[in-house]
**Student:** 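Shown below is the structure under consideration.
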Amino acid sequence: PAIAWASSDTTVAFVTQSGVLFGLKSGKTTITVSSRGFSDAAVIDVRPGIRDVIFEADSIAISLSQSVRIPFRVRDTDGNVVDLAKHRVEWVSTSPDIAPLTGDATVTGRSIGKTNLLLRVDNKVGSPGVRVLAKPVASVFVQPSSLVLAPGISTQLTATTYDINGNAITGRNVSWS
């Protein structure tokens, strides 16, 4: 007995004569099977899958205590930006002691070192590297800034280093000249 399979829109999905269905692009099609004058049909809704998880950079560098939201986008097989609320999403830092990661793509430098971040959406993964560096010194101030000394008298000078935001940075070596 001959069985015939057909798709109403072969650009959306096609079916082989053995009944194997292949989705090609988003859309709806009707699959019909016929044999000896009888037929039945099923409506098939082909939905896009995840094409790629893309980060703006393959790697980033952040400072200790700095928190940064990592820019990324997820596109589906139709090329559209994906609403992550409708997908299984997993964020992972391979070394959370160096740079932990939150579900809103924010990474924070906890200790100096390197780690990788993984964003898995369904079965697609994107993975930028993160390097945590010591905070750069933006300025240094000496105390006292002015002093009058008599011969044979000494006093201790103090240097304080600051980051770009004006926060004091401790534990830095300074050289005096």
**Student:** Could you pull out the closest heavy-atom pair between Ala61 and Leu133, with the gap in Å?
**Tutor:**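 Looking at all heavy atoms of both residues, the shortest contact is CB-CD1, 3.9 Å.
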**Student:** Does Trp5 offer a backbone N or O that forms a donor-acceptor pair with the side chain of Gln17 under 3.5 Å?
**Tutor:**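 Indeed, once roles are kept as given, a pair shorter than 3.5 Å links the two residues.
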**Student:** With a 4.5 Å limit on heavy-atom distance, are the side chains of Thr102 and Trp91 in contact?
**Tutor:**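 Contact flag for Thr102/Trp91 side chains = no.
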**Student:** Quick check for you: to the nearest 0.5 Å, what is the distance between Ser8 atom OG and Lys28 atom NZ?
**Tutor:**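 Here the interatomic distance stands at 11.5 Å.
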**Student:** Between Thr108 (side chain only) and Ser67 (backbone N and O only), is there a donor and an acceptor less than 3.5 Å apart?
**Tutor:**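 Pair absent, no side-chain N/O of Thr108 close to backbone of Ser67.
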**Student:** I'd like to check Leu84 versus Val121 (side-chain heavy atoms, cut-off strictly below 4.5 Å). Are they in contact?
**Tutor:**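 The answer is yes; the side chains approach within 4.5 Å.
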**Student:** Under a 4.5 Å cut-off applied to non-hydrogen side-chain atoms, are Asp76 and Arg51 in contact?
**Tutor:**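 Not in contact.
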**Student:** I'd like to check Ile50 versus Val74 (side-chain heavy atoms, cut-off strictly below 4.5 Å). Are they in contact?
**Tutor:**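 A side-chain contact under 4.5 Å exists here.
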**Student:** When rounded to the nearest 0.5 angstrom, what is the spacing between CZ in Arg73 and CG in Asn80?
**Tutor:**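 Taking CZ in Arg73 and CG in Asn80, the distance rounds to 12.0 Å.
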**Student:** Write down the atom of Thr115, the atom of Ser95, and the distance for their closest heavy-atom approach.
**Tutor:**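 Result for this residue pair: OG1-N, 2.8 Å.
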**Student:** Out of curiosity, Phe72 CZ to Ile70 CD1, how far, rounded to the nearest 0.5 Å?
**Tutor:**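 Separation between the atoms: 10.0 Å.
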**Student:** Can you confirm whether more than 12 heavy atoms, excluding those of Arg75, are under 6.0 Å from its CZ atom?
**Tutor:**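 Atom CZ in Arg75 is packed in, count exceeds 12.
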**Student:** Would you call Asp45 and Arg47 a salt bridge, using N to O less than 4.0 angstrom?
**Tutor:**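 Salt bridge flag = yes for Arg47 with Asp45.
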**Student:** Hydrogens and angles aside, do Ser39 and Thr32 bring a side-chain donor and acceptor to less than 3.5 Å of each other?
**Tutor:**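 Distance-only check fails for Ser39 and Thr32.
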**Student:** Does any part of the side chain of Asp58, heavy atoms only, come nearer than 4.5 Å to the side chain of Pro128, both counted from C-beta?
**Tutor:**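 No; the side chains remain at least 4.5 Å from each other.
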**Student:** Under a 3.5 Å distance rule, please check whether Ser35 uses its side chain to pair with a backbone N or O of Ile3 as donor and acceptor.
**Tutor:**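 No, Ser35 side chain to Ile3 backbone: no donor-acceptor pair under 3.5 Å.
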**Student:** Go through Leu119 and Phe55 one step at a time and tell me if the side-chain contact (heavy atoms from CB on, under 4.5 Å) criterion holds.
**Tutor:** CA-CA 10 Å; Leu119 169 55; Phe55 288 87; 3.7 Å; yes
**Student:** Considering non-hydrogen atoms only, spot the tightest contact between Leu101 and Ala105 and give its length.
**Tutor:**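 Minimum heavy-atom contact is CD1-C, 4.1 Å.
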**Student:** What I'd like to find out is whether the side chain of Ser26 reaches to under 4.5 Å of the side chain of Val46, using heavy atoms alone.
**Tutor:**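 No. Closest side-chain heavy atoms not under 4.5 Å.
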**Student:** Is there a donor-acceptor contact under 3.5 Å from the side chain of Ser93 to the main chain of Ala99?
**Tutor:**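 Yes: the side chain of Ser93 pairs with the backbone of Ala99.
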**Student:** To the nearest 0.5 Å, tell me how far Phe14 CZ sits from Asp9 CG.
**Tutor:**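 Answer for the CZ-CG pair, Phe14 versus Asp9, is 13.0 Å.
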**Student:** Would you call Thr155 and Leu147 a side-chain contact if the rule is heavy atoms closer than 4.5 Å?
**Tutor:**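 A side-chain contact under 4.5 Å exists here.
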**Student:** Quick check against the 3.5 Å criterion: does Thr161 have a side-chain atom that pairs as donor or acceptor with the backbone of Val137?
**Tutor:**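 Pair absent, no side-chain N/O of Thr161 close to backbone of Val137.
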**Student:** With side chains defined as the heavy atoms from C-beta onward, is the minimum distance between Lys25 and Thr11 less than 4.5 Å?
**Tutor:**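 Sidechains of Thr11 and Lys25: in contact.
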**Student:** How close do Ile62 and Gly109 get, counting heavy atoms only, and between which atoms?
**Tutor:**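 What the structure gives for the nearest pair is CD1-N, 3.4 Å.
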**Student:** Is Ile60 linked to Ile112 within one hydrophobic cluster, defined over Ile, Leu, Val, Met, Phe, Trp and Tyr using a side-chain heavy-atom separation of less than 4.5 Å?
**Tutor:**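 Looking at the clustering, Ile112 is in the same group as Ile60.
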**Student:** Any donor and acceptor pair, going by atom type alone, linking the side chain of Asn165 with main-chain N or O of Asn167 inside 3.5 Å?
**Tutor:**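 Not confirmed, Asn165 side chain does not pair with Asn167 backbone.
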**Student:** Is there a path from Val132 to Val68 through hydrophobic residues (I, L, V, M, F, W, Y) whose side chains come within less than 4.5 Å of each other?
**Tutor:**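 Val132 and Val68: one cluster.
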**Student:** What's the shortest heavy-atom distance between Ser63 and Ala134, and which atoms?
**Tutor:**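 Scanning both residues completely, I find the closest heavy atoms to be OG-O, 4.3 Å.
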**Student:** Should Val15 and Val12 be counted in the same cluster of Ile, Leu, Val, Met, Phe, Trp and Tyr side chains packed under 4.5 Å apart?
**Tutor:**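 Yes.
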**Student:** Should Lys135 and Asp163 count as an ion pair when the cut-off is N to O under 4.0 Å?
**Tutor:**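 Looking at Lys135 and Asp163, the cut-off is met.
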**Student:** Is the backbone N or O of Asp122 less than 3.5 Å from a side-chain atom of Arg88, with the two atoms forming a donor-acceptor pair by type?
**Tutor:**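 Such a contact is found between Arg88 side chain and Asp122 backbone.
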**Student:** Do Ile169 and Leu64 belong to the same hydrophobic cluster, where Ile, Leu, Val, Met, Phe, Trp and Tyr are linked whenever their side-chain heavy atoms lie under 4.5 Å apart, directly or via other members?
**Tutor:**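 No, Ile169 does not connect to Leu64 through the hydrophobic network.
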**Student:** Apply the test side-chain contact (heavy atoms from CB on, under 4.5 Å) to residues Val33 and Ile31: give CA-CA distance (whole Å), side-chain angles for both, the deciding distance (0.1 Å), then the verdict.
**Tutor:** CA-CA 7 Å; Val33 60; Ile31 302 298; over 6 Å; no
**Student:** Grouping I, L, V, M, F, W and Y whenever their side-chain heavy atoms are under 4.5 Å apart, do Leu21 and Leu24 come out in a common cluster?
**Tutor:**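 No.
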**Student:** Any donor and acceptor pair, going by atom type alone, linking the side chain of Thr77 with main-chain N or O of Gly49 inside 3.5 Å?
**Tutor:**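 Here the side-chain-to-backbone pair exists.
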**Student:** If we ignore hydrogens and angles and just use 3.5 Å, is the side chain of Arg69 paired with the main-chain N or O of Asp104 as donor and acceptor?
**Tutor:**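 Indeed, once roles are kept as given, a pair shorter than 3.5 Å links the two residues.
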**Student:** Any donor-acceptor pair under 3.5 Å linking the side chain of Thr94 with the backbone of Asn116?
**Tutor:**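 Checked: pair present.
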**Student:** More than 12 non-hydrogen atoms from neighbouring residues, nucleotides or ligands closer than 6.0 Å to CG on Leu157, yes or no?
**Tutor:**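 Above 12, so yes.
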